[in-house]
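Here is the structure we will look at, set down as structure tokens.
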Amino acid sequence: MSSFSADTPHSSSVMGRIFIYGILLIVAGYFLLPLLVMVFTSVKSMEEIRTGSLISIPTSITFDAWSKAWSSACTGVECSGLSGYFWNSVWLVTPTVSISTFLGALNGYVLTKWNFKGADVFFSMLLIGCFIPFQVILLPMARTLGFLGLAGTTTGLIMVHIIYGLAFTTLFFRNFYVSIPNELVRAAQIDGAGFFMIFWKIMLPLSIPIIVVSVIWQFTQIWNDFLFGVVFSAGESQPITVALNNLVNTSTGVKEYNVDMAAAIIAALPTLFVYVVAGKYFVRGLTAGAVKG
Amino acid sequence: MGALTIKNVCKSYGPTDVLKGVNIDIQAGEFLILVGPSGCGKSTLLNMIAGLDGITSGEIQIDGRVVNNLPPKDRDIAMVFQSYALYPNMDIRRNISFGLEIRKVPKSEQDRIVNEVSSMLQIDQLLDRKPSQLSGGQRQRVAMGRALARKPALYLFDEPLSNLDAKLRVDMRTEIKMLHQRLKTTIVYVTHDQIEAMTLADKIAVMKGGIVQQFGSPRQLYDEPANMFVAGFMGSPSMNFIPCKVVSMGNETGVEIDGGAGTFKLPVRSNQLKSSEGQEVMLGIRPEKVTHKIESHLENSDFHLAKCRVSINEPTGPDTNIFIHMNGAKVVCRSTPDSAKDPGEEMEMMFDLSKMVFFDPKTEERLA
Ligand SMILES: Nc1ncnc2c1ncn2[C@@H]1O[C@H](COP(=O)(O)OP(=O)(O)O)[C@@H](O)[C@H]1O
Ligand SMILES: [Mg+2]
């Protein structure tokens with residue numbers, strides 16, 4: 001009797017485990033399959049692609065497609081691969097992510113700790129910025145950039161991304177900072193610290209989790225952006241997403257699926273990398289609660 | 001070392017008036033307590049003294065210098081917060097020295113001060129920890145250490161003990177008192193606990209609804225309360241209020257009381273009620289001033305004996321609280337356990353006439 005009652009919950013929990021892991025495996029496989037097909041295709045030769053099936057395992061592995069995608073594939077009339085555009089994107093993402101994150105932190109700090117008249121209205125208006133679709137601001141923004149003499153330049157594109165990202169980064173930091181007790185700021189004021197000293201020495205060191213969230217969010221948004229890139233940049237200064245599109249759509253000669261796949265993976269790698277490195281901080285940052293004194 | 005003068009200070013947040021003309025004046029080295037129920041404006045007043053919030057009108061002087069328009073860092077103050085507000089990202093050493101660092105005190109001097117303060121507060125072994133690794137009591141000490149590291153004119157404490165458990169609170173109370181006696185600094189201390197107020201203060205300001213109800217020494221407030229609110233707020237168990245009628249007792253004035261064993265008259269020592277014969281007043285008398293019969297007081301004309309009927313008795317150990325209904329009001333009296341009578345029995349109670357106070361039942365202001 002005792003062995004019966006002891007065994008039953010045990011064996012049923014094992015069954016439960018198997019069930020859960022089974023489901024998880026199926027779902028994971030479902031999501032991994034496209035990536036697998038991409039990786040497989042990118043290391044196949046054109047010969048093998050023509051003869052084999054889409055999901056067959058490659059018989060011989062070659063990285064020719066990768067090197068072509070990187071350095072010699074045609075993106076329109078030019079045939080120098082994605083490498084130049086990859087670095088374009090890096091130089092685009094670095095200042096935009098850091099500046100929009102920094103300004104978001106500063107905004108959040110001012111909105112929560114230095115309440116000024118109209119702060120709530122200001123914040124509500126900023127929030128609306130999170131819900132404005134990209135398409136809506138294209139024309140006004142083009143006019144503005146033209147007016148500023150920044151049309152078609154990298155600086156212009158950087159500015160667009162910073163401004164568009166500010167609504168989100170401000171929201172992140174504001175919501176994080178409301179949970180930091182005001183008494184902390186008051187204590188620092190009494191200790192003699194001024195506006196920026198409190199920001200640097202107290203607020204920013206406490207903000208690591210939300211900085212990670214903001215960086216990942218902004219990085220993914222800006223790296224993967226296509227619309228702003230295609231509209232506000234031209235020729236040489238285009239980001240990798242636009243170049244990838246051009247590469248895949250270049251209609252001279254046969255369609256090289258292996259090069260297309262390799263190029264797509266190259267374009268996606270940095271975002272994957274950021275998630276793998278900082279993913280767990282992302283989840284932690286999103287759920288971070290009050291800072292205890 | 002600094003005197004503090006608060007003149008007619010008002011504060012409104014939009015349409016709500018939080019402080020309505022506060023006047024307080026203390027000497028350098030005095031321990032001032034702001035006490036009152038939650039929401040009466042104590043923290044607001046403290047924040048105004050600190051400069052964390054501006055005043056709507058009035059004037060605040062620290063050491064004779066008007067500070068109305070000075071930012072907190074220029075007011076020569078240090079503050080201990082209710083939540084301690086330690087910097088979570090800094091270790092304890094840096095928490096204490098942060099204010100010194102900003103004020104550009106040389107590093108060697110900072111170290112000396114941190115060591116001095118931490119040994120005074122017995123937190124030397126915690127210096128390399130982060131605030132999150134400390135217990136509530138330890139954090140409280142660090143918060144005090146941070147304030148003590150500088151030598152300001154004025155220390156401000158906002159309910160520093162209210163987050164500690166009861167035992168620790170009593171210990172820290174004593175320590176703060178010793179600290180004050182040793183350092184002889186001016187302290188403004190906010191609490192809602194009247195026992196803390198009585199034990200620590202040189203001067204107490206009792207607040208309610210943004211108004212200082214009474215400002216004076218603990219003794220003054222206890223013996224000569226300005227109104228029924230102060231009388232009821234200070235002291236535990238709180239003062240008894242008995243509604244009664246002013247009557248003539250020959251050439252004396254008195255009040256008439258029914259204690260459940262026949263009515264009796266208590267002579268009034270003050271002359272203020274002479275003209276009020278026939279009117280209703282509120283008699284205030286503290287529990288320890290209505291006692292069992294004490295033989296040694298029998299000769300003294302300030303003590304008056306009267307028979308009353310016991311409703312309930314509550315032994316507390318050293319004393320027994322006797323509850324008696326007088327003119328319908330429940331009155332707590334204090335007796336030794338030996339002299340206490342059982343419920344329903346008659347007991348001879350001794351009233352200290354010199355400690356009776358009288359209030360107007362409508363305005364609640366003190367009459368005599
Ligand atoms: N920034 C503010 N805006 C509006 N009302 C406030 C503000 N700060 C305090 N009050 C109000 O002032 C009153 C006194 O608050 P406070 O000084 O914190 O009371 P306490 O005596 O409990 O410390 C409360 O009713 C509170 O709601
Ligand atoms: Mg308060």
Side-chain angles (χ1 to χ4, degrees), chain A residues 101-102 105-106 108-122 173 175-214 281 284-285 287-293, chain B residues 13-14 43 46-47 49-53 70-92 94-105 130-134 136 138-140 142-144 146-147 149-150 152 154-160 163:
Chain A
T101 297
F102 177 79
L106 205 56
Y109 169 57
V110 172
L111 282 170
T112 53
K113 303 302 170 202
W114 298 86
N115 242 321
F116 55 94
K117 250 203 172 69
D120 289 336
V121 177
F122 180 83
F173 279 94
N175 287 356
F176 185 77
Y177 287 157
V178 281
S179 71
I180 291 184
N182 292 339
E183 286 198 344
L184 219 52
V185 174
R186 303 188 145 200
Q189 273 180 281
I190 296 217
D191 265 343
F195 179 88
F196 280 107
M197 173 91 89
I198 296 173
F199 184 58
W200 283 118
K201 301 254 169 126
I202 315 281
M203 300 304 275
L204 275 188
L206 296 176
S207 314
I208 307 295
I210 204 68
I211 289 175
V212 172
V213 168
S214 173
Y281 297 101
R284 215 180 286 164
T287 56
V291 177
K292 298 225 165 58
Chain B
Y13 290 108
S43 299
L46 203 67
N47 288 340
I49 299 172
L52 292 168
D53 217 336
L70 291 182
K73 68 178 166 64
D74 297 330
R75 291 199 178 191
D76 206 11
I77 47 152
M79 188 158 172
V80 177
F81 293 87
Q82 183 170 5
S83 68
Y84 315 139
L86 303 180
Y87 311 125
N89 54 314
M90 302 181 189
D91 63 15
I92 301 309
R94 187 105 193 284
N95 260 284
I96 296 175
S97 66
F98 188 62
L100 303 171
E101 195 182 306
I102 292 173
R103 277 154 221 270
K104 307 226 161 39
V105 175
K130 286 281 175 67
S132 57
Q133 295 166 303
L134 305 189
Q138 289 171 328
R139 287 179 203 186
Q140 211 282 327
V142 175
M144 291 209 336
R146 182 167 66 183
R150 290 189 285 121
L154 202 58
Y155 287 104
L156 307 173
F157 288 73
D158 192 356
E159 309 213 16
N163 287 344

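Atom set for the values below is all heavy atoms of this structure, side chains included, hydrogens, waters and symmetry mates excluded. Numbered from 1 within each chain, the chains take letters A, B, ... in sequence-line order.
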Winner by heavy-atom pair count (cut-off under 4.5 Å) against chain A, out of B:A143, B:P72, B:A78: B:P72

CG-CG distance between B:L52 and A:N182, expressed to the nearest 0.5 angstrom: 10.5 Å

Residue pair B:F98 / A:I202, side-chain heavy-atom distance below 4.5 Å: yes

Side-chain heavy-atom pair B:P88, A:I180 within 4.5 angstrom cut-off: no

Contact listing (chain B partner; residues 188-196 of chain A; heavy atom under 4.5 Å): A:A188, A:Q189, A:I190, A:D191, A:G192, A:A193

Listed partners of A:R186 passing salt bridge (Lys or Arg N to Asp or Glu O under 4.0 Å), at least two apart: none

Donor-acceptor under 3.5 Å (A:E183 side chain, B:S83 main chain): yes

Under 4.5 Å from a heavy atom of chain A, the part of B:R75 involved: neither

Distance (rounded to the nearest 0.5 Å) between A:L184 CG and B:F81 CZ: 9.0 Å

A:M197 side, atom CE; B:K73 side, atom NZ - distance, nearest 0.5 Å: 10.0 Å

Part of B:D74 within contact of chain A (heavy atom distance under 4.5 Å): neither

